[in-house]
Amino acid sequence: MTEACIVGWAHSPFGKREDAPDLETLMAGVARAAIEDAGIAPADIDAGFVGVFGEGFTPQGFPSSLVLQSVPELRFKPITRYENACATGSAAIHAARDFLAAGRGRFALVVGAEKMTSTPGPKVGDILLTASYRKTEQDIEGGFAGVFGRIAEAYFQRHGDQSDALAAIAAKNHRNGVDNPWAQMRKDLGYAFCRTESEKNPFVARPLKRTDCSLVSDGAAALVLTDGETAKAMNKAVRFRAAVQVNDFLPIAARDITRFEGAREAWKRAYAEAGVTVADLSFAETHDCFTVAELIEYEAMGLAPEGQGARAALEGWTAADGRLPVNRSGGLKAKGHPIGATGVSMHVLAAMQLTGTAGAMQLPKADLGGVFNMGGAAVANYVSILERAR
C-alpha cells in the first residue's frame, strides 16, 4: 500500500460560534463539505474518524455517530472517536492512515471539532488541566497557562529573559491571522501592544500575558484520506512524506521541560522518514498554544540551536517572507484553538498551501510543509511532513 494522501478538506470559522449551538452543528458544517471537495459520494467513505476532546466541553460524551446527523449515508459504516489532549485531531488522522494502510478501505473521513465557548471560564481552565499531571500540577496558579508560565520561567532562567521574542511571535501570528478568513481574531495587534503589560493585555501567568495565550474557540475541520494509488485518479492529492507520533512523560518534573524532548524526537524521526532536513521545508504550522511553546519548537525542529530560538523570531526567520514561514495561518494564537479541531485544521491549511489554494495566506514557495501538533506540554507529539502529489 502506498502512502496515504489527503484528497479533500473543509474548514469552519473558528471563534465564538453562536450560530453553532452544539458539536453536531459544527460537524455538519464540514463533514459533507470535505466529501464533496474530494469529488466523491458519501457512500464511498469506508470509515469515519472523529476527534473530540474527552473531558467535558460537551455533555455528549459519545460523539462518533454525530456525523450521521448530517451525513446519514454513513449509517452502518465504522466510525470511532479519538482523543489525545490537544493533539486529538492528529490522533484521528493517524488512525485513518492506519486503516488505509491495513487495506480495510479506500476512503476515510476525519472530522475534528470542539464547542468550548459555552463552558464557563473557570470550568474551561479546569478541563484543560486534565491535559497535565493532576497529582503534582493540579494546583499550579493560572491552570494550564500556569504550566506554560513555569516552562517560560525555566527557559528564561536558563537562556535569559525572552519577553521580546514572545512578543514578536504573538505579533507575527496576529499579523498572519488577518489573512485567514477562518481565524477567530483577524487583527494586527502590533509588537508594542504584545510586548507591553496593560489593562487590555494583563499577565495571565507570569511571564505570559494575554497575547501569549491561544484562544478558547468553537470550530471544526475535516479531511478525506485515501491510499496513494487511488489518489492518482483524484483531482488533487497531498501526500504524507512522513507521519510520526512520539509520547513523553506526563509530569513536567520528569523531564527537561525547556527542551521539548518528545517534539525533538518526533521531528528527528520525521526528517529521517521523509529523507529531508529542516532546510528543505517551505513552511511549518506549529502548535503555538502559548508563544513560549512556539519559541521552544523552533529549537525542537532544528531551525535554531538550543537556547537561540529567539533569533528566529526577532530576526524575522519565521515571518511570512522569512527563511521558514511559521504559522502563516495565524496559528492557534490568532486562528483559535478548538481542541479536537486543531490538528485537523493544521493539516487542512498545510494542504491548501501545497495546492496553491490558500488565498491571501498563500506563500510564493510551498513545496514541502511541516506540521507539529502536541497534546499536553509536549507529551503527545505528532509531526507530519507533507508534499503535493497531484
Side-chain angles (χ1 to χ4, degrees), residues 11-23 25-27 29-30 51-61 63 83-89 112-132 137 140-149 166 169-170 173-174 176-177 180 182-187 189 194 200-205 208-221 285-294 327 329-346 349 373-377:
H11 200 295
S12 82
F14 284 5
K16 187 174 177 60
R17 293 287 306 280
E18 294 180 352
D19 62 319
D22 50 33
L23 201 59
T25 308
L26 289 166
M27 290 181 177
V30 295
V52 178
F53 189 53
E55 296 297 333
F57 285 121
T58 173
Q60 183 62 60
E83 195 277 336
N84 214 2
C86 299
T88 286
E114 210 72 62
K115 179 69 180 178
M116 300 175 70
T117 66
S118 297
T119 303
K123 180 65 173 175
V124 169
D126 187 62
I127 291 171
L128 292 177
L129 263 177
T130 61
S132 66
E137 297 161 19
I140 292 178
E141 187 176 353
F144 210 60
V147 171
F148 276 84
L166 299 191
I169 290 168
N173 290 347
H174 279 293
N176 286 342
N180 185 346
W182 302 303
Q184 181 169 353
M185 185 177 289
R186 300 183 67 189
K187 185 177 182 180
L189 297 179
C194 295
K200 292 185 177 180
N201 190 28
F203 283 107
V204 176
L208 303 179
K209 298 184 287 293
R210 183 174 292 165
T211 50
D212 293 306
C213 307
S214 59
L215 303 164
V216 174
S217 310
D218 308 329
E285 287 289 322
T286 198
H287 195 101
D288 60 319
C289 50
F290 299 91
T291 52
V292 69
E294 180 168 328
N327 288 335
S329 66
L332 285 58
K333 179 77 268 290
K335 180 182 63 177
H337 184 22
I339 306 296
T342 289
V344 183
S345 166
M346 289 173 149
L349 290 157
N373 181 205
M374 73 179 180

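Quantities reported herein were computed from a predicted structural model and do not represent experimental measurements.
In this structure, the side chains of Leu208 and Leu166 come closer than 4.5 Å at one or more pairs of heavy atoms. Put simply, the side chain of Ile169 does not reach to within 4.5 Å of the side chain of Lys333, judged on heavy atoms. Val204 has its side chain out of reach of Asp212: every pair of non-hydrogen atoms, C-beta onward, lies at least 4.5 Å apart. Annotation: side chain of Pro202 is in contact with side chain of Arg210 (closest heavy-atom distance under 4.5 Å).
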Side chain to side chain contact (heavy atoms under 4.5 Å, CB included) assessment of Phe57 paired with Leu128: CA-CA 10 Å; Phe57 285 121; Leu128 292 177; 4.1 Å; yes
- request: For Leu129 and Ile140, run side chain to side chain contact (heavy atoms under 4.5 Å, CB included): C-alpha distance rounded to whole Å, both residues' side-chain angles, the deciding distance at 0.1 Å, then the answer.
  value: CA-CA 9 Å; Leu129 263 177; Ile140 292 178; 5.8 Å; no
query: Step by step, would you call Glu294 with Asn173 a side chain to side chain contact (heavy atoms under 4.5 Å, CB included)?
result: CA-CA 11 Å; Glu294 180 168 328; Asn173 290 347; 2.9 Å; yes
message: The test is side chain to side chain contact (heavy atoms under 4.5 Å, CB included); show your working for Phe14 and Asn180 and say whether it passes.
response: CA-CA 10 Å; Phe14 284 5; Asn180 185 346; over 6 Å; no
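The aromatic rings of His287 and His337 lie perpendicular to each other, with more than 60° between the two planes, well past the 30° mark.
Formation of a donor-acceptor pair under 3.5 Å by the Ser217 side chain with backbone atoms of Leu215 is found in this model. With hydrogens and angles ignored, the 3.5 Å screen pairs no side-chain donor or acceptor of Lys115 with any backbone N or O of Thr25. Without hydrogens or angle criteria, Gln184 side chain to Asp218 main chain gives no donor-acceptor distance under 3.5 Å. Here the side chain of Ser12 pairs a donor or acceptor atom with the backbone of Ala220 at under 3.5 angstrom.
Contact record, Ala87 with Gly375: CB-N, 3.5 Å, taken as the closest heavy-atom pair. Nearest heavy atom pair, residue Glu285 against residue Ser329, reads OE1-OG, 2.7 Å. In plain terms, the two heavy atoms of Arg186 and Gly177 that are nearest each other are CG-O, 3.5 Å. Scanning all heavy atoms of the two residues, the minimum distance from Ala20 to Leu26 falls at CB-CD2, 3.6 Å. Phe148 and Ala293 make their closest contact through CE2-CB, 4.0 Å (heavy atoms, listed as atom of the first residue, atom of the second, distance). When all heavy atoms of Ala85 and Phe53 are compared, the closest pair comes out as CA-CE1, 3.4 Å.
Distance CD/Glu114 to CD1/Ile339: 6.5 Å, rounded to 0.5 Å. The CG atom of Asp288 sits 4.5 Å away from atom CG of Asn327, with the distance rounded to the nearest 0.5 Å. Once rounded to the nearest 0.5 Å, the distance linking CG of Leu332 with SG of Cys213 reads 12.0 Å. With rounding to the nearest 0.5 angstrom, the NE2 atom of His174 is 5.5 Å from the SG atom of Cys194. Atoms CD and OG, on Glu18 and Ser118 in that order, are 9.0 Å from each other to the nearest 0.5 Å. Atom OG1 of residue Thr291 and atom NZ of residue Lys209 lie 8.0 Å apart, to the nearest 0.5 angstrom.
Side-chain atoms of Asp22 and Gln60 form no donor-acceptor pair, as typed in the model, at a separation below 3.5 Å.
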